[in-house]
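Report on the following structure.
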Amino acid sequence: MSKQDNYTESDIQVLEGLEPVRKRPGMYIGSTDERGLHHLVFEVVDNSIDEAMAGFCDTVEVELLPNGAVSVTDNGRGIPVGIIEKEGKSAVEVVLTKLHAGGKFGGGGYKFSGGLHGVGVSCVNALSEWLEVEVAQEGFLYKMSFSRGKTQRPLAKIGTTKRRGTKVVFYPDAEIFETLEFDYATLRHRLQELAYLNKGLKIILKDSRALKENCETFHYEGGIVEYVSSLNSKGGMPEQPLYIHAETDTYQVEIAMQYNSSYQETIYSYANNINTHEGGTHLDGFKAVLTKLFNDYGEKLRLLKNEEKLSGEDCREGIVAIVSVKLIDPQFEGQTKTRLGNSFMRNVVTKVFGEKFETYLEENPKEARELITKAVNAKKARDAARNARDLTRRKSFLESTTLPGKLADCSERDPKKCEIYLVEGDSAGGTAKQGRDRRFQAILPLRGKILNVEKASLHRILESEEIKNMITTFGCGIHEDCDLSKLKYDRIICMTDADVDGSHIRILLLTFFYRFMKPLVEEGHVYIAQPPLYKVTLKNSKREEYFYKDEDLEAFLVSIDRKGEVQRYKGLGEMDQEQLWETTMNPETRTLLRVNVKDAEKASELFSLLMGEEPERRRQFIEENANLVTDLDV
């Protein structure tokens, strides 16, 4: 009998304390990459937010410290410091060293809570090289320290204080995480979101790692109403976002909504401050009653005829809404556990929102007519777009042998070996056709800027010659019909001039891919070519060098005592076919940036900002971020 066949009781391992967390960290925090690292901060912050929801905390401060650690401080009640008789240890030590220990299991500590499994702060402790906790309570200050989940210094009273609350400082464990570098923008996004969801709560984010400190305060007395306004800053219907609120001993419902003139739907839903990306019963209830009331009033106002019915899509065109609920014992389902499953919340939201939105429509007939008319117009546009959409589903459209006349296809027929360049302009397209490797490289020239799909209706989009050419050429279809098994090219490469117009064209293309062919982006089929900015010809020599960054050019010029002639490329058309091949198209020497979606929600917000109808917000974003771009991660 082999050793493997001899399976006995001695092979059974019992992991005690926090050992399971260190053994399988992904089971508790999802991953050990950047996402898991930031999850540690959010677990600690969630405890402070729970204190705020319970009415005992109004300020939370998160600080990125110079030594790489993070501190989270609140002015809540503080973790209890008394001894738990059954454990023979202080409550502080139990909370930080025991899984499933906390005040969120019906003992009266919290009514509504985001962290419901009691593993949050103990997991942070287990996955930190060191962690220190301070508790300010009843005039005294207590402190305790840990290392990788094990107690190093027991809880001790170290002085007196006038403040109250809890402070947790921790340094992530390099044995666990792939990176220890916290991203300010990631923390900022979530902390601002939490401030919107908990009106009146002040959240301070401070970055003390650099010589020049950065500090922001998020504090919104208007809560999710301000959230909607921030997402929809250029006017809307009604003029001020509609706010609906209801609360009982077992639940809270908050809804803020407003319409704009765009064609996009923006609805974010939350349960106990957790972003329910996959929706759930609360969102289902909201959507169902919204559609019902629009249809009821469409008939009442005689805007719908002959038993016409508005779809949910019609009623939500141009909407910006936040649906936030808080409830006892939320049940989460779905692939990522971000779908609310409590069935009673569907009825709760349907009743609360239905009654109050119906009252609003009754009391504001002018606004009601405008909203219903907008939805009716959306239905007409949808009907007009049906023929165009049906066209894209037909075999003759998707698999037509009559490909666009400007397309120079490749001879290879295995899609995995093929790539297609989308080239700005006929001139550069002609050069690319001459310089390419015809075996596996196809060229599709584009005439200037394609249509901005963020601001156009579907039927107009599908009538655009450039967009029809891309849909036909790629062969994979759009929207729900996008089937990557039919994709004719493994790599779709955007090759535009390295100037403002080129950047604009890239954004337009990526917006189209993201809105109409999202799987292309999600599966890593979209790339951005990197043509050089400069060519340096050395004096008294035919040697040529190409540079993609200003700093690289400057360093090279210094190294050759500036004995070279510098040419600044304004466009692809300035290069001949050999230069274009060698610098931008040759797989052996080129640089490609792969476009990927780390966070679809953030990407959606960014596309709406950059390509929507709010030029002031777009200009502000570009001004603030122009000097930060080193890579494109959409």
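FYI, side chains are in, hydrogens and waters are out, and symmetry mates aren't considered; it's all heavy atoms of this structure. Note that the structure is a prediction, hence the values are computed from the model and not measured.
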Stepwise, does the salt bridge (charged side-chain N to carboxylate O under 4.0 Å, His left out) test hold for E308 with K380?
CA-CA 11 Å; E308 285 182 310; K380 291 177 181 177; over 6 Å; no
Evaluation steps, side chain to side chain contact (heavy atoms under 4.5 Å, CB included), between Y297 and E358
CA-CA 9 Å; Y297 274 79; E358 185 173 17; 3.8 Å; yes
For D46 and N273, run side-chain hydrogen bond (donor to acceptor under 3.5 Å, both in side chains): C-alpha distance rounded to whole Å, both residues' side-chain angles, the deciding distance at 0.1 Å, then the answer.
CA-CA 9 Å; D46 282 348; N273 293 320; over 6 Å; no
Worked check of side chain to side chain contact (heavy atoms under 4.5 Å, CB included) between L194 and F218
CA-CA 9 Å; L194 287 168; F218 308 112; over 6 Å; no
Candidate pair L407 and I420, rule side chain to side chain contact (heavy atoms under 4.5 Å, CB included), full reasoning:
CA-CA 10 Å; L407 172 69; I420 183 168; 3.9 Å; yes
Should Y421 and Y489 be marked as a side chain to side chain contact (heavy atoms under 4.5 Å, CB included) after you check the CA-CA gap, both sets of side-chain angles, and the distance that decides it?
CA-CA 10 Å; Y421 278 84; Y489 308 92; over 6 Å; no
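In this structure, V348 and V325 have side chains that are not in contact, with every pair of non-hydrogen atoms separated by 4.5 Å or more. Between T186 and R35 there is no side-chain heavy-atom pair separated by less than 4.5 Å. Counting heavy atoms from C-beta on, the side chains of H525 and F513 never come closer than 4.5 Å. For the pair V595/Y527, no side-chain contact is recorded, criterion being any heavy-atom separation below 4.5 Å from C-beta on. Counting only heavy atoms from C-beta outward, the side chains of I255 and V352 never approach each other to under 4.5 Å. In this structure, L327 and T250 have side chains that are not in contact, with every pair of non-hydrogen atoms separated by 4.5 Å or more. You'll find the side chain of I244 stays beyond 4.5 Å of the side chain of V253, heavy atoms only. A 4.5 Å side-chain heavy-atom check between N198 and M53 finds at least one atom pair inside the cut-off.
Here the closest heavy-atom approach between residue V289 and residue T350 is recorded as CG2-O, 3.9 Å. When all heavy atoms of A321 and M257 are compared, the closest pair comes out as CB-CB, 3.9 Å. Nearest heavy-atom pair, V453 versus Q264, reported as atom, atom and distance to 0.1 Å: O-NE2, 4.2 Å. Closest of all the heavy-atom pairs between L201 and A52 is CD1-CB, 3.9 Å. Between G429 and P445, the shortest heavy-atom contact is CA-CG, 4.2 Å. The two residues L310 and N295 come nearest to each other via the heavy atoms N-OD1, 2.7 Å.
No donor-acceptor pair under 3.5 Å is formed between the side chain of N232 and the backbone N or O of V228. Although no hydrogens or angles enter the test, the distance criterion places a donor-acceptor pair under 3.5 Å between the side chain of E424 and the main chain of D497. Distance alone, capped at 3.5 Å, places no donor-acceptor pair between the E216 side chain and the N214 backbone. Checked by atom type and distance alone, the side chain of T276 pairs as donor or acceptor with a backbone atom of S269 at under 3.5 Å. Put simply, the side chain of S230 gets close to the backbone of Y227: a donor and an acceptor are under 3.5 Å apart. Listed for the E61 side chain is no donor-acceptor partner under 3.5 Å among the backbone atoms of I203. No donor-acceptor pair under 3.5 Å is formed between the side chain of K356 and the backbone N or O of Y243. Judged purely by atom type and a 3.5 angstrom limit, N260 has no side-chain atom pairing as donor or acceptor with the backbone of G236. No donor-acceptor pair closer than 3.5 Å links the side chain of N342 to the backbone N or O of P330. Side chain of D483 to backbone of S485: a donor-acceptor contact under 3.5 angstrom is found.
Atom CD in E254 sits 4.5 Å away from atom CD1 in I224 (nearest 0.5 Å). One finds the CG atom of L509 at 9.0 Å from the CD1 atom of I528 (value rounded to the nearest 0.5 Å). How far NE2 of H219 is from CG of D58: 8.0 Å, rounded to the nearest 0.5 Å. T511 contributes atom OG1, which lies 6.5 Å from atom CG of N452 (distance to the nearest 0.5 angstrom). Going from atom NZ of K202 over to atom CD of E221 covers 9.5 Å, rounded to the nearest 0.5 Å. One distance of note links CG of L444 with OG1 of T473; it measures 5.0 Å at 0.5 Å rounding.
A salt bridge links E193 with R190; the closest basic N to acidic carboxylate O contact falls under 4.0 Å. Under 4.0 Å is where a charged nitrogen must lie from a carboxylate oxygen, and between K292 and D296 at least one such pair does. Contact check on E370 versus K366 returns a salt bridge, with a Lys/Arg side-chain nitrogen under 4.0 Å from an Asp/Glu carboxylate oxygen. Remark: E419 engages R491 in a salt bridge, criterion side-chain N to carboxylate O under 4.0 Å. A salt bridge between D284 and R339 is present, with a side-chain N of the basic residue lying under 4.0 Å from a carboxylate O of the acidic one.
Taking the six-membered ring where tryptophan is involved, the planes of F286 and F353 are tilted, since the angle between them lies from 30° to 60°. Classified by interplanar angle (parallel below 30°, tilted 30° to 60°, perpendicular above 60°), the ring pair F182/H38 is perpendicular. Ring geometry for Y268 versus Y270: interplanar angle over 60°, hence perpendicular rather than tilted (30 to 60°).
At a cut-off of 3.5 Å, with distance as the only test, no side-chain donor of Y259 or E317 sits close to an acceptor on the other residue. For D314 and S311, the side-chain atoms include at least one donor-acceptor pair closer than 3.5 Å.
Considering I505, L508, N469 in turn, L508 is the only one that fulfils the side-chain contact (heavy atoms from CB on, under 4.5 Å) rule with I450.
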